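Being a predicted model, the structure only gives us computed values, none of them experimental.
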Amino acid sequence: MADFPLLLEPEALAAQLPLTPAQGKVLIIEQAKYEDYLQQHITGAVHLDFKRLQCSGQPVPGKLPPVEQLSEVFSELGLTPDTHVICSDDEGGGWAGRLIWVLDMIGHQHYSYLNGGIVAWREAGLPTESGEHKVQASGYQVGALHHEFALDKDQIIARIGQPDFAIWDARSAAEYSGEKVISQRGGHIPGAVNYEWTLGMDKSRGLRINELNGFRQLLAEMGIDSSKEIATHCQTHHRSGFTYLVGKILGLNIKGYAGSWSEWGNDPATPVSTGSQP
């Protein structure tokens, strides 16, 4: 089995290239725009269209597709039970973090996040190749999903207001307050804490995650810490892919709410609060 940390720096991966069988089976998955991937990507990386890991049905497109579709996708990527997956994207970790959440949901926990993804990789001048990298399909089959990595609408409703529970809303401040309305109703889940996902990335360092100790302290001051079960969401569990990833890196008990605001804000029975964060 390959030995890479959860948060993998581009330079550390570059030092291991080209990957050899002696390092174990490693799969680098890139979720950048396909046209950009074809022009320049990490040597040996395969491309994944992020839409294939969403159900895409309205009004809740962020939920997982059927296990048959997940099996098809991961088989095409060449995933095996002993593969170590390195997840990258071109936006600082939203789609890469969601991929890690999907891997958790299918019970595959051998993975790393490439800090800053292809943006940091290119800024560091590390080696790339062009064209499409092909892999041999694996026949991977997804079994039962691991729901311990997720919370659904009813579970969140049951936990609102409990002292050992927190909700991390990764949307913009305008969405959180209700000023910007995307679903039938605007606003936020009562008690949710808003920290917009891109605030957690360092634009001066190729979209790498902010310094971890400071990030941990900031979240703790907002009520998001290791003493609580944490649900994270956005509109479709894309932006909250990043916050899920950060939670895992910081060792928090974080879970993804895939229905997100597209489900919550379109259900007239769910409780909603409006206004800015205190």
Minimal non-hydrogen separation, [X] against [Y], with atom names:
X: L250; Y: L212; value: CD2-O, 3.8 Å
X: T43; Y: I28; value: O-CD1, 4.0 Å
X: H84; Y: S112; value: NE2-OG, 2.7 Å
X: L103; Y: C87; value: CD1-SG, 4.2 Å
X: V135; Y: L77; value: CG2-O, 3.4 Å
X: P61; Y: S262; value: CD-OG, 3.8 Å

Determine whether a donor-acceptor pair (N or O, by modelled atom type, separation under 3.5 Å) exists between the side chain of [X] and the backbone of [Y].
X: N210; Y: D202; value: yes
X: N115; Y: L7; value: no
X: R171; Y: W261; value: no
X: T270; Y: W264; value: yes
X: K255; Y: E229; value: no
X: Y176; Y: A192; value: yes
X: E175; Y: S172; value: yes
X: D89; Y: A96; value: yes
X: S260; Y: H233; value: no
X: Y37; Y: A45; value: yes

Residue pair Q39 / T128, side-chain donor-acceptor N/O under 3.5 Å
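T128 and Q39 do not have a side-chain donor-acceptor pair below 3.5 Å.
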Check: T80/T83 side-chain N/O donor and acceptor closer than 3.5 Å:
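Yes, a side-chain donor-acceptor pair sits under 3.5 Å.
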By side chain to side chain donor-acceptor pair (under 3.5 Å), which residues pair with K248, not counting sequence neighbours?
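Once residues adjacent in sequence are excluded, the partners of K248 under the side chain to side chain donor-acceptor pair (under 3.5 Å) criterion are D104, Y111.
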Same apolar cluster (I L V M F W Y, side chains within < 4.5 Å links), [X]/[Y]:
X: L252; Y: F242; value: yes
X: Y244; Y: W197; value: yes
X: I160; Y: W168; value: no
X: W101; Y: I156; value: no
X: I224; Y: I167; value: no

Got a sec: does the [atom1] of [X] have more than 12 other heavy atoms crowding it under 6.0 Å?
X: E179; atom1: CD; answer: no
X: E148; atom1: CD; answer: yes
X: K228; atom1: NZ; answer: yes

Worked check of side-chain contact (heavy atoms from CB on, under 4.5 Å) between I29 and I86
CA-CA 6 Å; I29 299 180; I86 296 174; over 6 Å; no
To the nearest 0.5 Å, how far apart are [atom1] in [X] and [atom2] in [Y]?
X: I249; Y: Y113; atom1: CD1; atom2: OH; result: 8.0 Å
X: K51; Y: L53; atom1: NZ; atom2: CG; result: 13.0 Å
X: T236; Y: K63; atom1: OG1; atom2: NZ; result: 13.0 Å
X: H147; Y: L64; atom1: NE2; atom2: CG; result: 9.0 Å
X: Q136; Y: S75; atom1: CD; atom2: OG; result: 10.0 Å
X: T243; Y: D169; atom1: OG1; atom2: CG; result: 9.0 Å

Does the pair Q16 and L19 meet the rule for a side-chain contact (heavy atoms from CB on, under 4.5 Å), with working shown?
CA-CA 6 Å; Q16 300 292 324; L19 297 169; 4.2 Å; yes
Taking the basic N atoms (NZ, or NE/NH1/NH2) and the acidic carboxylate oxygens, is any pair closer than 4.0 Å for R98 and E91?
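No, no charged N to carboxylate O under 4.0 Å.
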Could you please spell out the steps behind the side-chain contact (heavy atoms from CB on, under 4.5 Å) verdict for Y140 and I106?
CA-CA 11 Å; Y140 189 88; I106 68 172; 4.0 Å; yes
Could you go step by step and tell me if Y257 and E263 meet the side chain to side chain donor-acceptor pair (under 3.5 Å) rule?
CA-CA 10 Å; Y257 171 34; E263 178 179 56; 2.6 Å; yes
Going by the rule salt bridge (charged side-chain N to carboxylate O under 4.0 Å, His left out), which residues pair with K153 if we only count those two or more places apart in sequence or in a different chain?
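If we apply the salt bridge (charged side-chain N to carboxylate O under 4.0 Å, His left out) test to K153, skipping adjacent residues, the hits are D267.
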State which residues pass salt bridge (charged side-chain N to carboxylate O under 4.0 Å, His left out) with E123; sequence neighbours excluded, sorted by chain then number.
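Residues passing salt bridge (charged side-chain N to carboxylate O under 4.0 Å, His left out) with E123: none at all.
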Do the non-hydrogen side-chain atoms of [X] and [Y] ever get within less than 4.5 Å of each other?
X: L219; Y: D225; result: no
X: R52; Y: P65; result: no
X: E129; Y: Q40; result: no
X: V85; Y: H108; result: yes
X: L151; Y: F165; result: yes
X: L17; Y: L126; result: no
X: Q69; Y: C55; result: no
X: E68; Y: E72; result: no

Candidate pair R122 and E30, rule salt bridge (Lys or Arg N to Asp or Glu O under 4.0 Å), full reasoning:
CA-CA 13 Å; R122 289 170 176 167; E30 178 59 66; over 6 Å; no
Give the C-alpha distance, both sets of side-chain angles, the deciding distance and a yes or no for side-chain contact (heavy atoms from CB on, under 4.5 Å) between Q277 and V193.
CA-CA 7 Å; Q277 188 160 251; V193 173; 3.5 Å; yes
Using the ring-ring contact (aromatic ring centres under 6.0 Å, His included) rule, pick out the option among H238, H237, H47 that qualifies with W95.
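Among H238, H237, H47, the one meeting ring-ring contact (aromatic ring centres under 6.0 Å, His included) with W95 is H238.
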